Enquirer: 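I'd like to ask some things about the structure below.
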Amino acid sequence: MASPGVEVELLVRGQSDSGDVAPEIKASERPAAVAIADLEWREMEGDDCELQYGDGMNEAQDSDFPTVERSRLQEMLSLLGLEAHQAQKLSLQDALQISSDSVRNWAPQAPRDLPWAFLRRLQARSAEARSTTVLASPVDARPTEKEGQMEEEVIYWDTADDISADIYSFSELPTPDTPVNPLDLLCALLLASDGFLQQEIVLRMSLCQFALPLVLPDSEHQSHTFLLWAMRGVVRTWWAQPPRGVGSLREDSVVLARTPAFAFVRMEVSSNSKSQLLNAVLSPGHRQRDCFWHRDLSLGTSPREISDGLVEVSWLLPSGREDLDLCPEPVAFLNLRGDIGSHWLQFKLLTEVSSAVFILTDNISKKEYKLLSSMKGSATKYYFILSPYRGKRNSNLRFLNRLTPVLRMDHSHVLVKVSSTDGARFTRRVRAIVASVARSPCRRASVEDMAQAARRLGLKVDEDCEECQRAKERMEHITRSIRDPDAYRREELRLQGEPWRKAACVERELCQAQWAGDPTDKRLVELRQRLLELRTQQSGHAPAGAVQEFIAGISCPSLGERQYFLRWMEWGLAWAAHPRPRQLPETAPALRPKQGGAGDREPLWLEPLGVEHFLREMGQFYEAESCLVDAGKLPTGQRRFTHFPGLAVELLVRGLPLELVDGSTRSTPLRWVTGLLKELHTRLERRSRLVVLSALGVPGTGKSTLLNTMFGLRFATGRGRGPRGAFMQLVTVAESFSQDLGCDHILVIDSGGLIAGTPTTAGERFELEASLATLIVGLSDITVVSLAETRDIPPAILHAFLRLEKMGHMPNYQFVYQNLHDMSGPGPKPRERRPLLESPSDSSRACIHMDKQGGGLRTLADLAFCDPEKQHVWHVPGLWHGAPPMAAVSLGYSEAVFELKRCLLENIRNGLSEPHRNIQQLIELVGLL
């Protein structure tokens with residue numbers, strides 16, 4: 001008969017002595033694999049073991065108590081108000097709706113408020129998002145049907161009357177502190193969410209610098225899930241330092257990057273906290289980061305109920321500073337919650353993907369020896385962190401000596417940490433071990449590699465559903481031919497060539513002629529004829545194969561498959577065709593293109609290929625076809641692309657930003673945008689009241705991040721990927737709140753950065769940006785102007801204000817000064833009113849001088865709608881405490897952004913200077929501007 005260790009090895013299909021891995025377990029066999037592994041570990045314990053492993057459901061029940069029918073998971077979901085979503089999952093749209101809670105900064109009053117508070121705080125990048133503190137409500141404010149029960153239990157319960165009082169009823173009293181463990185809250189919410197909300201939760205946790213869930217336990221169904229799909233959207237930036245040469249910033253998906261991985265696990269009981277140790281290892285310098293939640297945080301101290309078996313992951317990223325960096329490449333740290341005996345498959349997974357495993361325990365006895373002996377032949381390095389009980393020293397040494405040849409260890413692999421051990425010194429020792437292993441030849445694994453190992457062991461992988469895999473295959477069919485992005489665009493995106501650029505120039509000339517007034521009929525005829533020729537030339541093309549495949553992908557009947565396809569396209573295009581910057585975007589604000597030269601039309605850096613280019617191609621086909629129909633050159637019945645706006649609007653409603661102003665030519669495809677808005681009006685039907693909120697500003701001031709933080713949007717951010725034209729995204733207002741707010745949706749517009757140079761030095765670039773700013777501000781009910789310095793207002797914005805003043809348009813505007821280099825303590829700084837009302841800068845003077853208003857020099861304060869008493873200037877603290885990539889998020893940033901959001905919504909609710917528009921009125925305004 002084989003030894004118990006060998007039996008476990010065979011039962012869980014683990015790693016053989018030769019290091020080979022057995023074939024993966026079929027989906028139908030996964031529950032059996034989990035159950036067999038748990039049973040084998042129980043047999044390994046022996047009858048003399050007092051501690052019970054597993055989920056505790058096999059404990060003997062006292063005959064005086066009724067059998068518990070509801071599982072721990074069901075109880076937790078019921079407590080959090082998520083029970084209905086166990087089958088009907090929460091969606092991303094559910095989480096992003098604006099409700100009455102969006103204008104209140106209130107603490108949760110009951111456990112069922114916790115999931116929504118968690119989502120709101122994550123969206124706002126709050127460092128306190130994981131808090132599960134619930135404020136106790138007054139007794140008279142509790143539900144009526146429970147008043148009698150509460151009065152009896154709270155007021156009249158007295159242990160002096162009966163020492164054997166019902167302790168179970170007492171334990172169920174509402175807790176005014178933290179009734180739910182933060183990890184239980186996270187697991188319950190993930191289990192109640194669909195894949196796209198899971199992805200959003202993980203992405204927001206990454207932005208908050210929290211540890212991310214990697215394996216999600218579900219003890220009720222014995223089906224643990226590896227969250228590969230949920231991790232897909234996480235992208236991190238770090239300083240890559242090659243062995244020879246100059247270092248540079250590198251940006252990569254955490255799913256694709258192969259890194260050394262170090263797992264920290266607990267065996268039976270440990271007096272040392274894994275998570276505290278991990279946080280110390282992950283905290284370079286003297287600033288402690290609470291990446292992993294641990295028991296000493298005040299955010300939630302209740303025992304875990306459903307989150308044992310959760311595996312979390314975080315990365316230590318190099319910053320380019322040798323005194324802080326552990327090693328010159330990213331390092332992954334994995335943390336298993338709970339005991340390895342109860343979660344054997346998760347532990348086995350960690351041993352297969354990690355470079356080294358650190359095992360924290362107080363003592364090693366016979367059953368632990370049997371368990372670890374089953375890992376014989378593993379290529380992973382093992383380290384023990386012991387805090388032995390008094391009198392157990394000899395026993396520990398005996399079993400450690402027996403494990404040494406089995407796990408190929410020596411004395412340096414055993415660390416002892418007791419209460420008298422210096423914590424900082426011990427942390428340095430662990431960091432030194434990690435650095436030594438990471439710098440030597442060792443196993444390196446990506447998250448995709450880990451998912452493959454999880455499949456072999458029988459864990460479910462969230463990405464393996466049929467809809468997701470069909471969407472992935474379609475994406476790969478489109479992107480596999482991308483080698484040179486420029487050549488790909490010429491071959492597959494044919495309408496985005498020279499005729500398209502010329503058409504944009506002709507349309508701009510037509511627009512300028514109309515603004516100038518009384519153009520000659522001959523000139524107008526020439527321009528319109530030239531435009532018709534260019535559009536006819538475009539119409540001579542048919543959609544290329546990749547465009548047709550893209551259209552098929554967004555047209556498929558399954559809503560889920562369409563959503564999967566769009567996400568796959570975003571990632572597939574991003575990593576198949578990296579942009580080649582000509583100059584880093586950080587230097588863009590200082591650039592001054594030559595006046596009238598070719599550089600005014602040439603991009604500063606090539607646009608990264610994205611989904612918007614395929615939608616832009618669809619828009620150009622629709623635009624060309626509509627132009628021919630309007631000119632009478634094409635019968636209406638022969639139109640082929642009338643359904644394109646409907647396809648694009650469906651994406652807008654589902655949360656994808658759509659292009660409003662072309663990023664390459666800074667032009668607006670008027671017929672396409674009008675078609676989109678008409679389709680949106682039809683799609684929304686009775687709920688078509690809109691408020692338009694826009695953001696303008698200089699490059700690099702974080703306006704896209706600001707909008708994403710306020711409303712949970714998906715505008716592009718990061719080096720070289722910010723918007724260059726203008727994108728719009730739709731935010732839904734909950735029906736229960738729309739009457740109070742006065743609108744049904746908020747259309748948010750994000751624009752490209754505007755240069756701060758004077759019009760005389762900016763040349764044609766200024767004319768394009770002035771037109772862009774005029775369009776966006778003219779469409780907006782509220783405009784947020786993002787600045788790097790309080791007086792550094794781009795002249796294009798001042799030009800737009802002056803131009804729109806002639807039309808009588810009076811926007812509500814908020815100036816936001818983001819101190820990108822502010823590393824001060826948390827807390828929003830007070831709003832300041834005066835700086836923008838002082839004398840304008842030289843560039844502002846030049847801009848204002850161009851719009852001669854009665855011969856006098858105008859300042860911003862001279863504008864009719866610039867009332868100093870109503871002007872709002874916001875100072876937002878820096879986003880980070882310290883230097884990225886390992887800096888913690890500033891609590892002051894999230895608080896200031898929430899206050900700005902609350903102010904914007906209050907302005908909308910209290911009524912703006914102009915009545916809220918419907919979509920039809922917005923269509924008319926687009927044509928006018």
Side-chain angles (χ1 to χ4, degrees), residues 55 68-97 99-102 104 106-124 126 128-137 141-143 145-146 171-202 204-205 208 210 213 216-221 223-225 227 230 293 297-310 312 337-338 712 734 736:
D55 58 7
V68 178
E69 297 180 356
R70 289 158 62 94
S71 67
R72 290 183 180 180
L73 175 59
Q74 290 173 328
E75 291 286 353
M76 182 59 64
L77 292 174
S78 177
L79 178 67
L80 296 172
L82 298 174
E83 197 169 20
H85 300 292
Q86 194 170 9
Q88 187 67 33
K89 303 295 187 182
L90 283 170
S91 69
L92 183 57
Q93 285 71 31
D94 295 329
L96 297 183
Q97 277 192 347
S99 65
S100 58
D101 294 339
S102 302
R104 293 187 297 165
W106 58 281
Q109 305 295 310
R112 64 178 50 251
D113 297 330
L114 291 173
W116 305 105
F118 176 70
L119 290 173
R120 285 196 306 272
R121 290 166 178 165
L122 270 188
Q123 177 182 306
S126 173
E128 297 180 345
R130 294 175 294 188
S131 173
T132 57
T133 300
V134 173
L135 295 184
S137 300
R142 297 181 188 277
E145 63 272 16
K146 295 186 179 181
S171 66
E172 293 171 0
L173 286 175
T175 305
D177 186 18
T178 52
V180 177
N181 187 285
L183 297 176
D184 287 342
L185 171 63
L186 173 62
C187 290
L189 186 55
L190 289 172
L191 290 169
S193 304
D194 67 14
F196 302 98
L197 181 53
Q198 287 181 348
Q199 199 173 82
E200 183 72 8
I201 290 171
V202 171
R204 297 289 169 175
M205 291 182 68
C208 291
F210 296 157
L216 179 64
D218 184 355
S219 57
E220 180 179 353
H221 301 98
S223 176
H224 311 307
T225 304
L227 299 178
W293 178 87
L297 288 177
S298 59
L299 302 175
T301 56
S302 297
R304 294 193 298 268
E305 296 289 341
I306 64 171
S307 54
D308 276 348
L310 172 70
E312 299 168 286
R337 301 289 182 167
S736 58

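The model shown is predicted, which means the values in this text are computed figures rather than measured ones.
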Enquirer: Which value, rounded to the nearest 0.5 Å, describes the distance between Phe210 atom CZ and Leu122 atom CG?
Expert: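 Atom-to-atom, Phe210:CZ and Leu122:CG are 6.5 Å apart.
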
Enquirer: Shortest non-hydrogen contact from Ala129 to Phe118?
Expert: O-CD1, 3.1 Å

Enquirer: Could you tell me whether a side-chain N or O of Gln88 sits under 3.5 Å from a main-chain N or O of Gln86, the two making a donor and an acceptor?
Expert: no

Enquirer: Looking at side-chain heavy atoms only, is the closest gap between Leu82 and Leu90 below 4.5 Å?
Expert: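 Yes. Closest side-chain heavy atoms under 4.5 Å.
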
Enquirer: Verify the distance criterion only: is there a donor paired with an acceptor across the side chains of Ser302 and Asn181 at less than 3.5 Å?
Expert: no

Enquirer: Hey, could you give me each pair passing side-chain hydrogen bond (donor to acceptor under 3.5 Å, both in side chains) that has a residue in residues 185-197? Not counting sequence neighbours.
Expert: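 Residue pairs with at least one partner in residues 185-197: there are none.
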
Enquirer: When rounded to the nearest 0.5 angstrom, what distance separates CG in Leu216 from CD in Glu312?
Expert: 11.0 Å

Enquirer: Could you report the tightest heavy-atom contact between Ser307 and Arg304, atom names first, then the distance?
Expert: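 Residues Ser307 and Arg304, closest heavy atoms: OG-CD, 3.0 Å.
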
Enquirer: Hey, mind stepping through Leu186 and Ile201 against side chain to side chain contact (heavy atoms under 4.5 Å, CB included) and telling me if it holds?
Expert: CA-CA 9 Å; Leu186 173 62; Ile201 290 171; 4.2 Å; yes

Enquirer: Can you check whether Val180's main-chain N or O pairs, donor with acceptor, with Asp184's side chain at less than 3.5 Å?
Expert: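 Answer holds: no.
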
Enquirer: Could you report the tightest heavy-atom contact between Ser78 and Arg112, atom names first, then the distance?
Expert: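 Distance-wise, the nearest heavy atoms are O-NH2, 4.0 Å.
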
Enquirer: Looking at every non-hydrogen atom in both residues, tell me the closest pair between Ala188 and Met76 and how far apart they are.
Expert: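 Shortest heavy-atom contact: CB-CG, 4.1 Å.
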
Enquirer: Is Glu128 salt-bridged to Arg121, cutoff N-O under 4.0 Å?
Expert: no

Enquirer: Check Ser91 against Leu197 and note the closest heavy-atom contact, atom names and distance.
Expert: O-CD2, 3.7 Å

Enquirer: Before giving the answer on side chain to side chain contact (heavy atoms under 4.5 Å, CB included), spell out for Trp293 and Arg337 the whole-Å C-alpha distance, their side-chain angles and the decisive distance to 0.1 Å.
Expert: CA-CA 11 Å; Trp293 178 87; Arg337 301 289 182 167; 4.1 Å; yes

Enquirer: Work out which heavy atom in Thr132 is nearest to a heavy atom in Leu185; give both atom names and the distance.
Expert: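 Scanning both residues completely, I find the closest heavy atoms to be CG2-CD2, 3.8 Å.
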
